[in-house]
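Lettering of chains follows the sequences in order, A, B, ..., and the numbering in each one begins at 1. Fair warning: this is a prediction, and the values are worked out from it, not measured in the lab.
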Amino acid sequence: MPTVHFTANLQRHVACPTTTVEGATVGEVLAAVFDQNPRLRGYVLDEQGAVRKHMNVFVDGQQIRDRVGLGDAVTPASEIYVIQALSGG
Amino acid sequence: MNDTLLVSTRKGLFEVRHHASGWSVDRASFIGDNVTLALTDVRDGSWYAAIDHGHFGAKLHRSEDDGASWVEVGVPEYPPKPKDEDLQADGRSIPWALQVIWALEPGGADRPGELWAGTIPGGLFRSRDRGETWELVESLWRHPERRRWFGGGADYPGIHSVLVDPRDSARVLVGVSCGGVWETTDDGETWTVRAEGMRANFMPPDQAGDPVIQDPHRVVACPVDFDRLWAQHHCGIWRSEDGARTWVEVEEAGPSTFGFAVAVHPRDPDTAYFVPGISDQRRVPVDGRMVVTRTRDGGRSFDVLRKGLPQDHAYDIVYRHALDIDQSGQRLALGSTTGNLWITEDAGDSFVNISAHLPPIYAVHFVPTRC
């Protein structure tokens, strides 16, 4: 199963340990994480389901391209990092 | 008098208390976080703090123990954006996503648990369960004229003032930058713009009087005479004596009529306070001298209050929520972008600097007591 890591800076506000969940796209993986941890969703995505403006998601070293639909593919061995963008200060 | 003041700043929420020896900063919460507003609800004793985490979005926290501990509650969330969304009048799209909680007010005394929130990008929200859940006031959001609102000092329009009529909880006024003043008398079913008489000199001359594009920076009403209102507008000061139906400009008010904040005396609608800056192009005090202006005769004349305020190279600006008056009408607090906090105990005749090194201050709020 893919593994999802969250920026340590987010841990101050909401618990989000590294986790492994099922999913074939970024959207499916994040949805599985948020099912277990609903409050985390609003810290990563806006209410339209898009990645927040100053957040970034990387899959196996590549920044995702679909920040709105979260359709980027992941494999069972993928490492996903949810991190802050420096654009946000 | 109210002895506790909540100071919302760029880097935390500070609780300032009055003691026999004077005022002191007694507690800091949310250190390092951008606290945009705080509210205390006299109906049930709850405290609220709105936080903008930047990367992680805007959040709302509530305290049941006078600020000793906080729990995160819900935030206003916009509904799914339709694919055939009506664009703004200027052809641009705005996000259907919460940017900032820019106004937070309790509902009427007869509606415990009801809260109103004004937001950027322009949505008005209501909670009926003390902030746990929120619903967009669709009637205003979908009003055709809402598409003509635009940002003033921000990318998108925002609601910064929500005024619930103490005589009738179904009557609510909201102030919008830039979008004028709007009124509902039927609990949010329908809305009417109420900015007749305001003038926007940032528009082409033939559109300066258009009520829907006015930029009131802050709107307040006297609690005991709610038809008497004051507005600090981008282009000056206006007052209304007929419940916001018409507005009259106050053309002279000491060194300048430009500013963001206004406070009205809790029992005297003729007494109001402002904190002037030079102009929208130069947002600093006139001649580097920090002053507060006060009228006690409905705007016919103004006192320029400077005792205890810096009169040399002061470049403080007081934002729209950073001036408050307590229930006695004797105490006022103002906090500046430079991190200065001043309090007056004598209705503005003299000020004391409580701290000169707080983070940039966005809002000050006296904790009210039950009358």
Side chain proximity check, T338(B) to I361(B), heavy atoms < 4.5 angstrom: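 The answer is no, as the side chains (C-beta and beyond) never meet within the 4.5 Å cut-off.
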Of the listed residues (K53(A), M55(A), H13(A)), which shares the most heavy-atom pairs with chain B below a 4.5 Å separation?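 Of the candidates given, the most pairs with chain B belong to H13(A).
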Report yes or no: does H160(B) contribute a side-chain atom to a donor-acceptor pair with the main-chain N or O of G118(B) at less than 3.5 Å?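 It does not hold such a pair.
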Atom pair CG (L124(B)) and CH2 (W134(B)), whose distance is rounded to the nearest 0.5 Å: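 Spacing of CG (L124(B)) from CH2 (W134(B)) equals 9.5 Å.
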Under 4.5 Å from any heavy atom of chain B - which part of L45(A):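 Nothing of L45(A), per the 4.5 Å heavy-atom cut-off to chain B.
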With a 4.5 angstrom heavy-atom cut-off, which part of P79(B) approaches chain A: side chain, backbone, both or neither?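 Just the backbone, heavy atoms under 4.5 Å.
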Quick one: do D44(B) and R130(B) make a salt bridge, cutoff under 4.0 Å?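 Yes, this pair counts.
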